[in-house]
Enquirer: 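After the structure tokens below, expect a handful of questions from me.
Sequence positions, counted from 1, serve as the residue numbers for this chain.
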Amino acid sequence: MKIATYNANSIRKRLPIILNWLNTHRPDVLCVQETKVQDSDFPLPAFEASGYHVTFRGMKGYNGVAVFSLKKPKEIRFGLSDGPEADEPRLAHVVIDGLPIINTYVPQGYLIESPKYAYKLKWFERLHRYFEKNFSPRDPALWVGDMNVAPRDLDVHHPERHLTHVCFHEDAKRAYAATTGWGFQDVFLKLYPDRQQFTFWDYRARPGGKSSVEANLGWRIDHIMATAPLAEKCTQVEVDMEPRKSDIPSDHTFLWAEFKTQ
């Protein structure tokens, strides 16, 4: 079973990249974040020949999540289901072959002194309650997506420069750790505890004219998490750099993992 995640930063702009990746790699499931399109404008016809079922929820210009799956989901939900501000364009919950898969685009936070950062920290608390309500850590489950947190010093270039960044601040890392502590394991860290590998490189050029990709000045903020019964079956985790080097790329790239199904 091959599971992948990708922050598209506009699915319409990234159609050629996503279609090529689906056709080349044929994951069982691809979770996409930041589709940035309302449901009525989602480019569904572009994927009709891909062989994938597409589940999505979005809004105009911001956020948005989608799940591409070779098998049709048996169950579909959106949002945190805890009140009127359910944030449906940030969370898709599907069940495929009995396996719950949660695809999230966690709020970025903007600045640590802003209300958006407080909202991010609260969002992790809400997500923890969602896990408690809907799952058991003793059963297989996946949580994937753009978490907007680099949990370790190895997960960001020059960590000493980013101590007050909303994706590396201590409060964000503690909130993320508390949520994963419900019962999820980072499968990348499980297989490669000492490897530095980024999933996001911003668009800005660096001193000397190099891009952030060429200078490898990135962040690991996209993650694939599994409960223990599934994490122990993970055999491979990789980051595909090629889409980030292509024409008109997202600032993120694809992260994927394989799991033994027997």
Side-chain angles (χ1 to χ4, degrees), residues 4-22 24-25 30-38 41-43 46 58-66 89-90 103-114 116-117 119-120 144-169 172-173 176 188 195-224 238-256:
T5 182
Y6 178 58
N7 180 317
N9 193 7
S10 175
I11 196 166
R12 289 181 288 187
K13 290 182 179 179
R14 248 53 78 183
L15 275 177
I17 291 174
I18 294 172
L19 284 167
N20 179 66
W21 206 87
L22 288 173
T24 301
H25 295 269
L30 168 64
C31 294
V32 175
Q33 306 85 42
E34 272 203 287
T35 57
K36 293 186 175 180
V37 60
Q38 59 192 352
D41 294 328
F42 190 92
M59 59 189 293
K60 189 174 183 178
Y62 299 94
N63 306 331
V65 286
R90 287 192 180 274
N103 174 20
T104 60
Y105 175 50
V106 174
Q108 193 259 1
Y110 185 50
L111 296 170
I112 59 171
E113 63 270 19
S114 76
K116 292 182 178 180
Y117 185 59
Y119 187 80
K120 174 180 186 172
V144 309
D146 180 355
M147 316 300 192
N148 268 317
V149 172
R152 312 169 302 159
D153 285 2
L154 269 179
D155 296 326
V156 59
H157 70 93
H158 301 101
E160 71 282 356
R161 301 180 186 176
H162 301 291
L163 298 177
T164 59
H165 192 287
V166 290
C167 294
F168 193 62
H169 188 261
K173 290 191 286 186
Y176 175 73
F188 179 86
R195 180 187 294 183
Q196 184 177 64
Q197 175 63 66
F198 304 134
T199 63
F200 165 88
W201 301 259
D202 70 35
Y203 292 126
R204 289 173 291 181
R206 298 296 176 172
K210 286 187 175 181
S211 70
S212 59
V213 175
E214 292 169 324
N216 198 31
L217 300 178
W219 297 66
R220 189 177 76 93
I221 56 176
D222 305 271
H223 306 293
I224 297 176
E238 298 294 341
V239 173
D240 185 355
M241 287 292 300
E242 293 310 307
R244 183 62 180 84
K245 299 174 183 177
S246 63
D247 293 335
I248 316 178
S250 169
D251 41 8
H252 296 248
T253 198
F254 292 82
L255 167 70
W256 59 269

Enquirer: Starting at CG of N9, measure out to OG1 of T35 and round the result to the nearest 0.5 Å.
Expert: 10.5 Å

Enquirer: Among all residues two or more places apart in sequence or in another chain, which pass the salt bridge (charged side-chain N to carboxylate O under 4.0 Å, His left out) test with D146?
Expert: none

Enquirer: Spell out, as yes or no, whether a donor-acceptor pair under 3.5 Å connects the side chain of R220 to the backbone of V156.
Expert: no

Enquirer: Could you pull out all residues at least two apart from H25 that satisfy ring pair (Phe, Tyr, Trp, His ring centres under 6.0 Å)?
Expert: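 In terms of ring pair (Phe, Tyr, Trp, His ring centres under 6.0 Å), with neighbours along the sequence ignored, H25 is linked to W21.
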
Enquirer: For a 4.5 angstrom cut-off between non-hydrogen side-chain atoms, does L255 reach Q197?
Expert: no

Enquirer: For P16, which residues count as a side-chain contact (heavy atoms from CB on, under 4.5 Å) partner, sequence neighbours excluded?
Expert: none

Enquirer: Which atoms form the tightest heavy-atom contact between S246 and I17, and what is the distance?
Expert: OG-CD1, 3.3 Å

Enquirer: Please find the pair of heavy atoms, one from H162 and one from W219, that lie closest to each other, and give the distance.
Expert: ND1-CZ2, 3.6 Å

Enquirer: Treating T104 as the side-chain partner and V106 as the backbone partner, does any N or O pair qualify as donor plus acceptor under 3.5 Å?
Expert: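 No, because the side chain of T104 does not come within donor-acceptor range (under 3.5 Å) of the backbone of V106.
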
Enquirer: Checking E238 now: which residues fulfil side chain to side chain donor-acceptor pair (under 3.5 Å) with it, not counting sequence neighbours?
Expert: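 If we apply the side chain to side chain donor-acceptor pair (under 3.5 Å) test to E238, skipping adjacent residues, the hits are Y192.
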
Enquirer: To the nearest 0.5 Å, tell me how far I11 CD1 sits from E34 CD.
Expert: 12.0 Å

Enquirer: List for me each residue that meets salt bridge (charged side-chain N to carboxylate O under 4.0 Å, His left out) alongside R12, sequence neighbours excluded, and say none if there are none.
Expert: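 Not a single residue meets the salt bridge (charged side-chain N to carboxylate O under 4.0 Å, His left out) criterion with R12.
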
Enquirer: Between V149 and K120, does a side chain to side chain contact (heavy atoms under 4.5 Å, CB included) hold up when you go through it step by step?
Expert: CA-CA 10 Å; V149 172; K120 174 180 186 172; 4.2 Å; yes

Enquirer: Who pairs with K116 by salt bridge (charged side-chain N to carboxylate O under 4.0 Å, His left out), at least two apart in sequence or on another chain?
Expert: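 Once residues adjacent in sequence are excluded, K116 has no partner under the salt bridge (charged side-chain N to carboxylate O under 4.0 Å, His left out) criterion.
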
Enquirer: Rounded at 0.5 Å granularity, tell me how far NE2 in H252 sits from CD in Q33.
Expert: 8.0 Å

Enquirer: Show the nearest heavy-atom pair for residues N63 and Y105, with the distance to one decimal.
Expert: OD1-CE2, 3.4 Å

Enquirer: If the condition is ring pair (Phe, Tyr, Trp, His ring centres under 6.0 Å), which residues does Y117 pass it with, not counting sequence neighbours?
Expert: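 For Y117, the residues satisfying ring pair (Phe, Tyr, Trp, His ring centres under 6.0 Å) (neighbours in sequence not counted) are H169.
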
Enquirer: Which residues pass the side chain to side chain donor-acceptor pair (under 3.5 Å) test with Y176, not counting sequence neighbours?
Expert: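 Counting only residues at least two positions away or on another chain, Y176 forms no side chain to side chain donor-acceptor pair (under 3.5 Å).
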
Enquirer: Please find the pair of heavy atoms, one from G109 and one from S114, that lie closest to each other, and give the distance.
Expert: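 The answer is O-OG, 3.1 Å.
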
Enquirer: Verify, without hydrogens or angle tests, whether S211 (side chain) and E214 (backbone) share a donor-acceptor contact under 3.5 angstrom.
Expert: yes

Enquirer: Evaluate side chain to side chain contact (heavy atoms under 4.5 Å, CB included) for I221 paired with T199, printing each intermediate quantity in order.
Expert: CA-CA 7 Å; I221 56 176; T199 63; 4.3 Å; yes

Enquirer: Taking only residues two or more places apart in sequence, or in another chain, which ones meet R90 in a salt bridge (charged side-chain N to carboxylate O under 4.0 Å, His left out)?
Expert: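 Per chain and number, R90 pairs via salt bridge (charged side-chain N to carboxylate O under 4.0 Å, His left out) with D87.
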
Enquirer: Are the side chain of R244 and the backbone N or O of V213 linked by a donor-acceptor pair below 3.5 Å?
Expert: no

Enquirer: Can you confirm whether I18 sits close enough to L30 that some side-chain heavy atom of one is under 4.5 Å from a side-chain heavy atom of the other?
Expert: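 Yes, close enough: below the 4.5 Å cut-off.
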
Enquirer: Is there a donor-acceptor contact under 3.5 Å from the side chain of D240 to the main chain of T253?
Expert: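 Not a single qualifying donor-acceptor pair exists.
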
Enquirer: Return the set of residues passing side-chain contact (heavy atoms from CB on, under 4.5 Å) with Q108 (not counting sequence neighbours), or none when no residue passes.
Expert: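 With neighbours one apart ignored, the set is Y110, N148, H165, V166, C167.
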
Enquirer: Roughly how far, to the nearest 0.5 Å, is CE of M147 from OG1 of T5?
Expert: 7.0 Å

Enquirer: Give me the atom names and distance for the closest heavy-atom approach of G218 to W201.
Expert: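 So the two residues come closest at CA-CD1, 3.6 Å.
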
Enquirer: Tell me, please, which residues at least two apart from Q38 pass side-chain contact (heavy atoms from CB on, under 4.5 Å).
Expert: S40, D41, K60

Enquirer: Rounded to the nearest 0.5 Å, how far apart are OH of Y203 and OG of S250?
Expert: 4.5 Å

Enquirer: Roughly how far, to the nearest 0.5 Å, is the NE2 atom of H158 from the CZ atom of F168?
Expert: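 Answer rounded to 0.5 Å: 12.5 Å.
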
Enquirer: Given 3.5 Å as the limit, does a donor-acceptor pair link the side chain of D222 with the main chain of Y6, or not?
Expert: no

Enquirer: What residue pairs, at least two apart or across chains, pass salt bridge (Lys or Arg N to Asp or Glu O under 4.0 Å) with a residue in residues 245-256?
Expert: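 As it turns out, the salt bridge (Lys or Arg N to Asp or Glu O under 4.0 Å) pairs with a partner in residues 245-256, which skip direct neighbours, are E242-K245.
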
Enquirer: Please say whether more than 12 non-hydrogen atoms of neighbouring residues, nucleotides or ligands are located less than 6.0 Å from CD1 in I248.
Expert: no

